[in-house]
J.: 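Would you mind keeping the following structure in view while I ask a few things?
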Amino acid sequence: MPTPPVTAQLRELLRRPGPALVLGAHDALSAKLAEEAGFDAIWASGFGISAVNALPDANILTMSETLDAVRRMSDAVRIPVIADCDNGFGNAINVMRTVAEYERAGVAGICIEDNIFPKRCSFYAGVRRELVPTDEHVRKIQAAKAAQSDPDFVVIARTEAFIAGWGTQEALKRARAYAAAGADAVLVHSKSSTFDELKDFTAAWDGSRPDGICPLVAVPTTYAGMTAADLAAAGFKLVIFANQALRAAVKAMRQALSALKHEGRPAAVDAHIATLPEIYELVGVPDLQANEQKFLLPGGHTVTAIIIAAGFEEALMPLIEDRPKAMLEIKGQTILERQIRALNECGVKDVVVVRGYRKEQLNLSNVRYYDNDRFRETGELVSLFLAEAEMSGRFLFLYADIIFDPAILEKLLKSQADISIVVDRAWGDQAHTLEEMRTKKPDLVVTHQPPQTGYRFLPAAEGTTLARIGQQLPADEADGEFVGLAMFSQEGAHLLRTVYHQTCQRDQGRRFHEAESLERAAFTDMLQEIVDCGGEVACVEIYKGWLEIDTFEDYRRAWAKVK
């Protein structure tokens, strides 16, 4: 069944039993959060819209500026939006244009108050309070009702008689006149800390119209102990929580910013802020991705590449005294530029780099960056999970110090396994000295189906899977070397995240495979943990075609071999 128009929805809220809860929003995002939380409608707060522009609520913003903000809220949600239009932005003629513009913006109703122009926020202390004559506001309401084109559009009349200190009888006189003029509801505002004056008002309320008693609207900002049920029992139909979302956001931002300034690291606030995937979901990134797949011409791979480039290699000093290893130049291009070019050639356009040592030197365009400022104290795994927000779908993992033939990457991208790593079978072609093992620290691999003896390299017909991986495996037992390229499907990424977080809860401070702790762990330690937990890691077999830059000799060899 199609969703009814928002004006019809708001009319239904005014008719149905019980109170309707309305949340004050200040922008499209807060409106979406209100809808997500289950509120019945949105109050597009003039106070809030002014505040997010760092301005007081005093008719400083024009109608057009306010309307733009309200339109964005209306576009963002499917529930009714009621626009706080202050005093209608002028006299009765101005009000007619206000109604026409706000109807076109898709709002379900507006509220106009009997403050003079320019208005002042109801709660500002020490501000002189003046109201327009009752007859003048009556004419504004009549003009608003005459201007509406949708018969279900709602016009709420608001009286500030209690705010001005004019008492219950004046509030009743004005509210009755506004109801008789055709207002669809009356908002009676109060800044009292108790409900007493409103209790007297509601006990005497008799604002009848041909279709019954005119509904009342409450904004319990100052008499905050009253529940929606209490207010409904007193006769209020709409209950507006006008500014709590804004005030909550300001307090949370202050706390987070203070922690960031004090500690100087993003992780200081991780426990108190939304994750990036939560924000992606809220703003519609999944819909964007679905529509891209449905409507855009095919091209490239829907995969993100995460390059780990945070570490510092003492063996490469003084080559890397002023730059990270990834920014070492080889014949006119840095290692990182060569990696990105290879990725792009294979259709991978979405690239993420985790920086650390000399991070200011890693500043290529069209790349997203995450910073590991604790790179001297942490391992590859911590760096990788700084980019956890990028692991919601299929992704590639790359060491930042490898140069490879794009054909290797193309082969990896064709893998259908949930987790795949590239394994070089050339490892066993020659003997390896203890000095080589000490300086280069290769990531050795033992697979479930090693190459046949006597053949230089013959990949298994059905492929093979990982049994063991690490730098401490006996060299004579290894049947391959992990080259620093891996790929995870969406399910594989989910498994990686799950195993990592389970390990965080269980093994903090303890040894983790070959690492002294999870904080110091390498990527290969996590691959071994996945295997030990029953997960399967497929091996994409290659024979040479890549270089790793670990030492000065590696760098010299790269200059000699790379075109």
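Throughout, numbering of the chain's residues begins at 1 and tracks the sequence. Quantities reported herein were computed from a predicted structural model and do not represent experimental measurements.
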J.: Taking Arg341's backbone N and O only, do any of them form a donor-acceptor pair with Asn344's side chain (distance below 3.5 Å, no angle check)?
T.: no
J.: Should the heavy atoms of other residues, nucleotides or ligands under 6.0 Å from CD of Glu170 be counted, would the total exceed 12?
T.: yes
J.: Before giving the answer on side chain to side chain donor-acceptor pair (under 3.5 Å), spell out for Glu390 and Tyr370 the whole-Å C-alpha distance, their side-chain angles and the decisive distance to 0.1 Å.
T.: CA-CA 10 Å; Glu390 309 289 348; Tyr370 293 81; 2.5 Å; yes
J.: Can you sort out the partners of Glu519 under side-chain hydrogen bond (donor to acceptor under 3.5 Å, both in side chains), two or more places apart, ordered by chain and number?
T.: Arg374
J.: Please check if atom CZ in Arg78 has more than 12 non-hydrogen atoms from other residues, nucleotides or ligands closer than 6.0 Å.
T.: no
J.: Say whether, by atom type as modelled, one donor and one acceptor occur between the side chain of Glu101 and the main chain of Val99 under 3.5 angstrom.
T.: no
J.: Any chance you could measure Arg11, atom CZ, to Asp150, atom CG, to the nearest 0.5 Å?
T.: 8.5 Å
J.: Using side-chain hydrogen bond (donor to acceptor under 3.5 Å, both in side chains) as the criterion, list what pairs up with Arg16, not counting sequence neighbours.
T.: Asp40
J.: Counting only N and O atoms by type, is there a donor-acceptor contact under 3.5 Å from the side chain of Lys140 to the main-chain atoms of Asn87?
T.: yes
J.: Salt bridge between Arg72 and Asp75, side-chain N to carboxylate O under 4.0 Å?
T.: no
J.: Taking the six-membered ring where the residue is Trp, are the ring centres of Phe385 and Tyr500 under 6.0 Å apart?
T.: yes
J.: Tell me if a side-chain donor or acceptor on Asp114 pairs with a main-chain N or O of Glu160 at a distance below 3.5 Å.
T.: yes
J.: Could you tell me whether a side-chain N or O of Asp86 sits under 3.5 Å from a main-chain N or O of Gly88, the two making a donor and an acceptor?
T.: no
J.: Would you say the side chain of Leu10 lies within less than 4.5 Å of the side chain of Ile82, judging by non-hydrogen atoms?
T.: yes
J.: With sequence neighbours left out, what residues match Asp270 under side-chain hydrogen bond (donor to acceptor under 3.5 Å, both in side chains)?
T.: none
J.: Counting N and O atoms only, with roles assigned by atom type, does the side chain of Ser258 sit under 3.5 Å from a partner on the main chain of Gln255, one being a donor and the other an acceptor?
T.: no
J.: Is there a donor-acceptor pair closer than 3.5 Å between any side-chain N or O of Gln361 and the backbone N or O of Arg358?
T.: no
J.: Between the side chain of Glu65 and the main-chain N/O of Thr62, is any donor-acceptor distance below 3.5 Å?
T.: yes
J.: Of all residues at least two apart in sequence or in a different chain, which pass the ring pair (Phe, Tyr, Trp, His ring centres under 6.0 Å) check with Tyr102?
T.: none
J.: Could you work out, with ring pair (Phe, Tyr, Trp, His ring centres under 6.0 Å) as the rule, every residue matching Phe195, not counting sequence neighbours?
T.: Tyr223
J.: Parallel, tilted or perpendicular: which one describes the rings of Phe162 and Phe201, with boundaries at 30° and 60°?
T.: perpendicular
J.: Take atom CG in Asn366; do more than 12 heavy atoms of anything else shown fall under 6.0 Å from it?
T.: no
J.: Taking the side chain from Thr134 and the backbone from Arg174, do they hold a donor-acceptor pair closer than 3.5 Å?
T.: no
J.: Tell me if the CD atom of Glu360 is crowded by more than 12 foreign heavy atoms within 6.0 Å.
T.: yes
J.: Quick check on salt bridge (charged side-chain N to carboxylate O under 4.0 Å, His left out): which of Lys237, Arg15, Lys145 does Asp184 satisfy it with?
T.: Lys145
J.: How would you list, by chain and number, every residue that makes a salt bridge (Lys or Arg N to Asp or Glu O under 4.0 Å) with Arg139, sequence neighbours excluded?
T.: none
J.: Work out which heavy atom in Leu21 is nearest to a heavy atom in Ala228; give both atom names and the distance.
T.: CD2-CB, 3.5 Å
J.: In plain terms, say whether Asp350 and Arg368 are close enough for a salt bridge, that is, a side-chain N and a carboxylate O under 4.0 Å apart.
T.: yes
